[in-house]
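Each remark here refers to the structure printed beneath this line.
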Amino acid sequence: MPEPLAPASPPGMLRAAWLIARKDLAIEFRTRTAFFSALVFALLGITIFYFAWDATAVAAVDLAPGVLWVIFTFSGLLGLQRSFGVEQADRAMDALLAAPVERESIYLGKALANLLFVAGVQVVALPAVALFYNVPLGGIVLPLAGLALLAAIGIVAVGTLFSAMAVNTRLAELLLPMLALPFFLPIVMSAAQITARLLAGRPVVEAWPWLRILAAFDIVFVVACTLAFPFTVEE
Amino acid sequence: MPEPLAPASPPGMLRAAWLIARKDLAIEFRTRTAFFSALVFALLGITIFYFAWDATAVAAVDLAPGVLWVIFTFSGLLGLQRSFGVEQADRAMDALLAAPVERESIYLGKALANLLFVAGVQVVALPAVALFYNVPLGGIVLPLAGLALLAAIGIVAVGTLFSAMAVNTRLAELLLPMLALPFFLPIVMSAAQITARLLAGRPVVEAWPWLRILAAFDIVFVVACTLAFPFTVEE
Amino acid sequence: MTAAAPVVQAVGLVRTFGGRRAVDGVSFSLAAGECLALFGPNGAGKTTLLRLLAGLLAPTSGSCEVAGVALRDGVAARGLVGLVSHASMLYAPLTARENVEFAARLHGLAHPAAAAREALDAMRVLDRAESPVRSLSRGLQQRVSIARAIVHGPRLLLCDEPYTGLDEVGSAALSAALAERRAAGAALLVVTHNLGEGLILATHAAIMRGGRFVRFEERGDVDAASYAAGYRDLVTTDA
Amino acid sequence: MTAAAPVVQAVGLVRTFGGRRAVDGVSFSLAAGECLALFGPNGAGKTTLLRLLAGLLAPTSGSCEVAGVALRDGVAARGLVGLVSHASMLYAPLTARENVEFAARLHGLAHPAAAAREALDAMRVLDRAESPVRSLSRGLQQRVSIARAIVHGPRLLLCDEPYTGLDEVGSAALSAALAERRAAGAALLVVTHNLGEGLILATHAAIMRGGRFVRFEERGDVDAASYAAGYRDLVTTDA
Amino acid sequence: MIIEPASPPIRRGFDWLLASGYAAVAALYVRAIWFTPMDALQGAAQKILYVHAASAFVALYLAFGFCMAFPSALYLFLKDEKLDRLAESAAEVGLVFTTVVLVTGPIWAKPIWGAWWTWDARLTLTLFLWFIIAGYLLLRGAVEERGMRARYSAVLALLAGLLIPFIHLSVYLFRTMHPMPIVLKPSAPSMSREMLITFAWGFMAFSLLFAGMLRARYRIATMRDLLADREAAR
Ligand code: HEM
Ligand SMILES: Nc1ncnc2c1ncn2[C@@H]1O[C@H](COP(=O)(O)OP(=O)(O)OP(=O)(O)O)[C@@H](O)[C@H]1O
Ligand SMILES: Nc1ncnc2c1ncn2[C@@H]1O[C@H](COP(=O)(O)OP(=O)(O)OP(=O)(O)O)[C@@H](O)[C@H]1O
Ligand SMILES: [Mg+2]
Ligand SMILES: [Mg+2]
């Protein structure tokens with residue numbers, strides 16, 4: 001063991017965050033099927049939607065944006081729930097809190113891992129929706145990807161904070177959606193609106209006001225949640 | 001303590017099931033807010049759905065059936081996840097398995113508790129959808145209630161079995177939807193179809209084929225899952 | 001069944017976890033009133049053996065019966081067994097009393113409430129009966145967990161390191177409870193790393209290692225000191 | 001800081017849980033190389049005290065400092081502390097090595113892999129380094145958990161019933177590790193219900209009850225036998 | 001060890017504030033029903049306004065704005081339990097008033113708009129406020145440890161404060177982009193002097209009632225905490 005009287009220098013905030021995120025991804029990877037099943041979840045969600053409506057009343061292409069973003073939201077919730085369940089299991093979280101890293105690093109690390117998870121799901125959900133509702137993704141793939149990223153950031157920023165809170169309560173699974181969903185509304189709405197316009201091949205400027213909301217939301221809540229996080233882990 | 005050489009007579013299958021269900025409900029009550037949170041969850045889902053869609057393209061009344069049943073499915077999943085998470089926490093499940101009760105009682109007990117939970121959500125979701133989507137429930141309340149019950153039975157029968165299996169695996173939360181959703185599909189589909197016809201004020205006979213599917217599904221899977229359960233809990 | 005017949009009988013029990021033979025051919029039997037103290041290094045297979053005997057694990061091969069019945073078939077037979085495990089097996093949101101009472105009901109006791117109170121009192125944790133288990137200290141949880149295991153007066157009591165986390169009072173209460181069970185004609189199997197603790201009540205002593213019983217004696221033939229010595233070099237020399 | 005300054009200093013620590021005073025005004029300090037053996041009945045507040053010292057709980061009132069810094073503020077100061085708790089604080093899906101290495105990285109060690117191997121070896125669990133923690137027996141998990149706590153060579157080592165579940169080999173390894181830490185100038189705080197275990201290394205001994213230190217002596221002034229007697233009737237007589 | 005909490009301030013005396021609140025509201029009903037002229041267009045339905053608008057004002061501004069979000073934010077820095085109790089009480093009482101708005105609204109909407117509900121910005125915002133407060137109370141119910149509960153709910157209240165403008169903005173945008181399916185939207189009804197007095201009286205009465213309920217609820221919170229200390233200290 002290193003000489004105790006010369007204690008090692010703790011990692012910087014971002015490095016620590018990355019270590020934590022990498023650890024989460026390693027766990028994710030060990031339980032390899034986790035991601036796979038998130039996908040299946042999204043896919044099945046999409047099919048359920050597809051069959052839940054009689055296509056005679058509503059044109060499939062009008063459903064597509066809604067389906068895409070509702071699925072996105074709910075599968076995001078699923079991923080988030082796991083995030084702190086892992087830490088809670090054998091109180092591994094305590095080890096994190098007792099380690100020489102800022103609370104903020106823990107938040108950022110967890111959020112980063114969640115972001116990758118949600119993004120991963122989205123990468124598959126997107127083409128799947130296009131396929132099911134035969135929506136031409138033609139030229140709008142890149143804008144859509146960017147949109148998905150913006151939305152994912154917002155969802156994860158809030159979701160990570162709340163799953164940290166939910167996990168310390170008696171209602172873990174039920175409480176997270178309760179707290180998070182109202183915060184998801186502006187995201188889902190804007191994202192769906194933008195998507196609809198993209199699919200309709202309208203000029204991007206039309207989606208501009210929605211984009212502004214989305215971007216503003218991301219900035220405000222990433223900052224706010226990072227600052228608020230330390231309050232939620234102290235006991 | 002009672003005289004060991006005259007061991008007490010274990011409870012019958014149904015009595016044991018009721019004991020277990022009651023225990024679950026007690027935990028549910030301890031976290032007094034569980035039902036209330038299901039309520040809020042359903043309502044939130046309904047609004048999120050509404051704004052995810054472009055209301056000019058899709059009339060609210062056309063969304064109603066789909067929303068109703070997708071909400072139903074997701075909130076069902078939420079309830080199911082808690083169901084066996086409770087048993088897993090400090091391996092309380094081991095105590096159940098080591099107790100002098102049939103595996104089937106455990107299954108029935110858990111299923112009963114879940115059924116009450118899902119039904120509770122539905123009791124709120126149904127009127128809420130009607131209110132927010134301006135759907136006249138007029139004379140079809142009773143048929144809808146019956147429909148909801150049929151669907152709930154099917155979802156719970158399958159969901160309880162799979163959440164039991166998922167608990168023994170490393171990725172409970174995510175595996176559950178993966179396993180269960182394909183089985184939910186026929187339920188949600190027929191339920192949505194029937195609802196659509198009821199709302200359209202069509203004669204019930206038109207919904208008959210779907211009703212038959214639903215009923216058959218319930219019978220088949222309640223029996224099948226009850227029999228299959230013992231195999232899912234053995235290690 | 002007659003008193004002579006063994007309460008628990010294991011024949012050639014084997015349990016593998018993906019190639020690792022956690023329990024590798026264990027055979028023994030205990031009659032009413034007998035108490036086996038089971039020692040062994042970490043990873044020897046003690047917990048796995050107990051979970052097999054409790055019917056929580058399916059043996060890869062071999063068989064074990066309680067009161068002449070295989071637990072997985074005989075529901076009633078499960079009512080004869082009590083298990084204290086590494087995990088508390090309690091519902092954290094429920095109170096100590098509710099947990100023990102629930103167990104009592106599952107075992108179909110006539111007066112669950114009374115039995116629960118008795119068991120909690122026996123473990124000296126009655127004063128915390130109304131605290132949610134979640135809010136109890138580790139040792140107090142262990143006491144409740146033991147109360148849960150003895151509330152129905154089991155004929156076979158399986159204890160996996162039951163003294164863990166218990167203070168003087170708790171240990172005394174546990175030893176008393178075990179003695180009481182034995183006196184009532186139950187068979188006991190106690191796993192522990194503390195030879196002293198283990199040998200007090202034992203009528204038999206066994207040492208497990210690499211999934212097998214490497215020693216199995218009558219307590220009478222055992223001299224504590226030399227046994228301890230023997231155990232030490234059994235354990236310290238690598239398998 | 002100079003060697004004279006205390007490694008850990010607690011002043012009037014109080015922590016209540018909804019009105020129950022788990023820790024009720026504890027003050028003490030340990031200098032480098034000192035080792036406090038902390039005894040006390042179940043529910044005395046030992047674990048709560050350790051969690052306060054580790055900065056995992058916010059004190060209701062009072063303060064505690066490590067190397068002159070309050071842990072909640074001083075990130076670096078947290079690097080000086082090692083904690084062995086009731087819970088393993090390990091990630092079950094990851095292997096023993098990955099868990100310890102992760103801790104080493106969080107502490108910014110230059111050679112995490114090497115440090116991890118060393119720590120696991122010190123706890124005699126290196127041969128299982130590549131098994132997922134989930135698949136380890138309880139005692140083996142405890143060893144890994146201890147390895148995690150000592151991998152960064154803490155200046156202050158807080159151990160909550162660290163001997164739990166350990167066999168002869170494990171206990172010996174732990175004692176050796178503790179001695180090594182002390183020799184390296186670290187302060188130790190060891191909670192245990194086994195007076196013998198506790199007093200071996202101790203330079204100080206304390207008995208906690210109802211959230212307070214009811215006794216606190218230098219080890220020198222303590223005669224094991226009489227101390228044990230004193231402890232017993234302190235514990236057995238109700239608070 | 002036992003702590004001896006100060007004995008709870010059990011007030012057996014009559015709660016004049018609350019009583020006068022009820023009285024004022026009762027008076028409001030009497031005046032609104034018998035002593036205020038019918039609305040020309042809407043008839044009796046319009047009388048709901050006096051309850052509806054007043055309770056909405058109380059819920060939105062007094063309860064959530066002034067008595068909940070604000071103290072919660074302060075709590076994170078001052079860590080004073082009083083602030084937490086105030087927020088808790090305001091949330092619970094406010095939820096009641098919001099529910100009144102959400103009930104009277106649709107009752108009013110049905111005859112006027114011909115639909116129970118429309119997704120207009122203000123309505124939706126009210127609905128979501130209800131959700132958030134409900135979530136807030138759920139969170140409180142789900143955390144046992146007092147300090148933690150206070151911190152958590154303060155954080156939630158703070159974030160909710162940030163969220164409201166976003167919801168309002170997006171819903172507003174959503175609506176203006178697509179003309180409402182329901183056309184009959186009442187411009188704030190022109191009121192006779194009689195009506196205005198009743199309207200003003202309504203705000204006064206409900207504010208008084210709110211003050212009374214808030215104080216009562218706050219006292220309950222204080223007592224509950226003290227009794228909890230007592231209970232546990234045993
Ligand atoms: C359907 C559910 C309804 C909800 C949730 C609702 C909500 C609200 C809210 C939150 C306010 C307070 C606004 C503020 O003070 O800034 C308010 C005020 C008011 N509402 Fe409603 N309302 C509903 C239905 C109606 C209907 C049907 C009418 C009349 C046809 C109506 C007429 C008014 C009027 C006149 C005011 C007072 C003027 C003002 O404060 O702006 N509301 N309502
Ligand atoms: N679920 C499992 N999956 C894989 N391996 C397992 C599992 N459970 C136990 N093992 C392995 O089986 C062996 C025996 O484990 P067991 O828990 O029975 O040991 P033990 O005697 O109880 O040790 P301890 O004294 O530490 O409790 C160990 O090597 C352990 O790693
Ligand atoms: N999270 C909590 N909520 C409520 N009460 C708690 C909580 N944690 C501990 N307590 C109470 O505080 C007291 C001290 O608990 P603590 O765990 O510190 O005792 P301990 O000395 O570690 O006991 P043991 O020897 O059994 O580990 C106990 O009465 C316990 O019930
Ligand atoms: Mg073991
Ligand atoms: Mg403890």
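Hydrogens, waters and symmetry mates are skipped; everything else that's a heavy atom, side chains included, is used. Letters A, B, ... are given to chains in the order of the sequence lines, protein chains preceding strands, and every chain is numbered from 1.
- Using modelled atom types, one side-chain atom of A/Tyr107 and one backbone atom of A/Ala157 make a donor-acceptor pair closer than 3.5 Å.
- With contacts defined as side-chain heavy-atom distances shorter than 4.5 Å, the pair A/Leu80/A/Phe162 does not qualify.
- Using a distance-only test at 3.5 Å, with no hydrogens or angles considered, no donor-acceptor pair links the side chain of A/Ser190 to the main chain of A/Leu214.
- With hydrogens and angles disregarded, no donor-acceptor distance shorter than 3.5 Å links the side chain of A/Asp90 to the backbone of A/Ala92.
- Under 3.5 Å, the side chains of A/Glu102 and A/Ser105 contain no donor-acceptor pair of N or O atoms.
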Q: Verify salt bridge (Lys or Arg N to Asp or Glu O under 4.0 Å) between A/Asp94 and D/Arg51, making sure each step is shown before the conclusion.
A: CA-CA 9 Å; A/Asp94 286 352; D/Arg51 289 174 62 77; 2.9 Å; yes
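- Of the atoms belonging to A/Ala89, not a single heavy atom falls under 4.5 Å from chain D.
- Under the 3.5 Å distance criterion, the side-chain polar atoms of D/Gln9 are left unmatched by any main-chain donor or acceptor of D/Gly68.
- With a 4.5 angstrom heavy-atom cutoff, D/Gln141 does not touch chain A via any of its atoms.
- Residues of residues 81-91 of chain D lying under 4.5 angstrom from chain A, judged on non-hydrogen atoms, are D/Ala87, D/Ser88, D/Met89, D/Leu90, D/Tyr91 in numerical order.
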